[in-house]
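What follows is one structure encoded as structure tokens, with my remarks underneath.
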Protein chains: 2
Amino acid sequence: MTAPRKTPIWKEISRALRADIAEKIYTEGDKLPTEAELAARFGVNRHTVRHALKSLIEDGLLRSRRGAGVYVTAAPTDYPIGRRVRFHQNVLAGGQTPQKRILHIDHRPASDGEAQALKLPLRAPLVVYHGISLADDHPIALFSSHFPAELLPGMADALRETSGVTEALKRCGVSDYTRISTRISARIATATQANHLHTQEGAALIYTTGVNVDPDGTPVEFGQTWFAADRVTLTFDSPD
Amino acid sequence: MTAPRKTPIWKEISRALRADIAEKIYTEGDKLPTEAELAARFGVNRHTVRHALKSLIEDGLLRSRRGAGVYVTAAPTDYPIGRRVRFHQNVLAGGQTPQKRILHIDHRPASDGEAQALKLPLRAPLVVYHGISLADDHPIALFSSHFPAELLPGMADALRETSGVTEALKRCGVSDYTRISTRISARIATATQANHLHTQEGAALIYTTGVNVDPDGTPVEFGQTWFAADRVTLTFDSPD
DNA sequence: GGTTATTTGTGCGTATGTATG
DNA sequence: CCATACATACGCACAAATAAC
């Protein structure tokens with residue numbers, strides 16, 4: 001009698017390979033070891049490896065070519081975190097094409113936490129911008145940005161026209177902004193989040209919150225972002 | 001047809017419970033009333049209460065244990081990330097008592113990725129230190145630290161005696177070190193990880209990798225850390 | 001350009017644990 | 001208690017595409 005197993009072997013292998021890709025041990029264009037080699041490494045049958053590979057191919061991370069091998073299609077996007085966080089610049093620097101899709105632009109009073117983060121009075125009017133960030137047409141993050149409506153008249157329209165935070169802020173008179181605080185944690189994807197990010201319910205998300213201020217130190221944005229951990233690695237490079 | 005409510009009942013309940021937690025009516029580690037009791041208190045169906053609880057669990061304020069009850073999550077430990085990352089100092093600064101538990105200290109050749117991170121030749125000997133980091137006797141992270149064995153003679157013994165990285169490095173002649181790169185992502189807890197961290201399989205983990213160098217710029221440590229996301233928030237505070 | 005080894009794709013058979021009725 | 005169905009896992013064999021010589 002063998003001991004009962006909680007999670008299937010093929011899922012463990014799938015997870016291990018996914019982690020290797022996220023860590024760039026195998027990166028875009030690389031050829032994975034052959035199925036026979038992987039089977040030997042994990043001590044399982046080739047069919048079991050194939051089952052794991054199949055799930056990764058369906059998720060778009062790998063591509064197989066009969067007679068040649070299995071190749072990595074997607075490289076995780078490096079996303080630098082620091083004083084100046086700019087989605088467009090970050091993605092462009094990684095050689096990918098940035099894009100934002102507007103889900104919803106709302107106008108409502110601030111909750112306790114939102115007001116505190118933006119140093120506003122309770123129930124102050126906010127413009128709230130929900131959307132999806134994409135790199136090379138693949139969704140990499142969900143976000144919601146909160147702006148003080150009274151400080152930034154016309155912000156909602158500016159967002160609808162430009163869909164970019166930096167551009168919209170510039171139209172409202174904020175020529176530059178810097179991030180004063182960033183908090184990072186991790187979450188599990190809900191069904192709707194998974195749907196938007198083209199991943200599966202229960203997948204790992206990097207959850208960040210941050211506050212941006214104008215040159216005078218006045219908060220102009222409180223943002224939340226949920227990154228698909230499969231496709232994004234946050235990086236922090238200490239300056240020399 | 002009834003007039004549509006402006007806010008759904010479950011959101012009202014969610015907000016009420018959130019307020020109770022903010023007011024410390026229920027505080028860290030407390031068990032909430034049972035779902036049935038809450039349903040009676042708010043005069044709604046148990047499903048409605050569950051909907052409210054679900055949103056708070058997703059936000060990390062609560063944690064449910066089947067057969068036990070719903071508990072208020074411990075206030076997350078803030079863990080500053082920057083040039084100088086020191087576990088002991090970070091936890092002490094948060095008013096908690098740091099501690100490390102040694103799981104395993106190994107001696108083995110470096111893999112591809114490890115050798116690259118430490119700028120060592122392939123299969124160079126490593127000392128690998130697996131352990132658990134605790135704050136106030138609660139596990140907050142799993143880690144594995146990799147040290148170049150030839151550069152740091154006696155490192156394994158030093159780690160066994162001190163269990164602290166900073167202390168052990170000092171004994172091996174490295175009086176100071178700084179972190180040159182940090183990569184952050186998120187992972188799903190495996191069964192064994194969940195067991196060590198006293199959480200559930202499938203829970204969200206913050207996964208970080210980093211390289212520490214001595215004052216000359218020579219890599220002395222490559223570390224991986226898996227933080228329990230419901231107990232830890234990483235913070236970056238940009239200096240003014 | 002043809003031959004050969006390598007590698008993925010496919011089919012069939014066996015066995016086990018789990019869930020359902 | 002039994003029958004059935006399904007997912008998991010292993011073993012063997014062979015076809016088809018590719019790469020290397």
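Quick caveat, the model's predicted, so the values are computed rather than measured. The analysis underlying the following values was restricted to heavy atoms, covering all of them including side chains, and did not include hydrogens, waters or symmetry mates.
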[atom1] of [X] versus [atom2] of [N]: gap in Å, rounded?
X	N	atom1	atom2	answer
Trp10(A)	dC10(D)	CH2	C1'	17 Å
His51(A)	dT10(C)	NE2	P	15 Å
Leu53(A)	dT10(C)	CG	C1'	15 Å
Lys54(A)	dA9(D)	NZ	C1'	15 Å
Ile9(A)	dT8(D)	CD1	P	11 Å
Arg46(A)	dT8(C)	CZ	P	7 Å
Glu35(A)	dA17(D)	CD	C1'	13 Å
Arg66(A)	dC14(D)	CZ	C1'	12 Å

OP1, OP2 of [N] versus side-chain N and O of [X]: anything below 4.0 Å?
X	N	answer
Asn45(A)	dA9(D)	no
Thr48(A)	dT8(D)	no
Ser64(A)	dG9(C)	yes
Arg50(A)	dG9(C)	yes

If you look at every heavy atom in Pro139(A) and Arg231(A), which pair is closest and at what distance?
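The answer is O-NE, 2.9 Å.
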Side chain proximity check, Tyr26(A) to Pro33(A), heavy atoms < 4.5 angstrom
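Of all side-chain heavy-atom pairs linking Pro33(A) with Tyr26(A), at least one is under 4.5 Å.
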Just wondering, do Leu17(A) and Leu53(A) contact through their side chains at under 4.5 Å, heavy atoms?
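Heavy-atom side-chain distance check passes, below 4.5 Å.
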Quick check: any donor-acceptor pair below 3.5 Å linking the side-chain of Arg65(A) to the base of dG9(C)?
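Donor-acceptor pair under 3.5 Å: no.
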Any donor-acceptor pair, under 3.5 Å, between the side chain of His47(A) and the base of dG11(C), if you only look at N and O atoms?
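Between dG11(C) and His47(A), which were checked side chain against base, a qualifying N/O pair under 3.5 Å is present.
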Determine whether the side chains of Thr166(B) and Tyr177(B) contain a donor N or O and an acceptor N or O closer than 3.5 Å.
yes
Flag yes if more than 12 heavy atoms outside Arg86(A) fall under 6.0 Å of its CZ atom; otherwise flag no.
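Yes, CZ of Arg86(A) has more than 12 neighbouring heavy atoms, counting only those of other groups under 6.0 Å.
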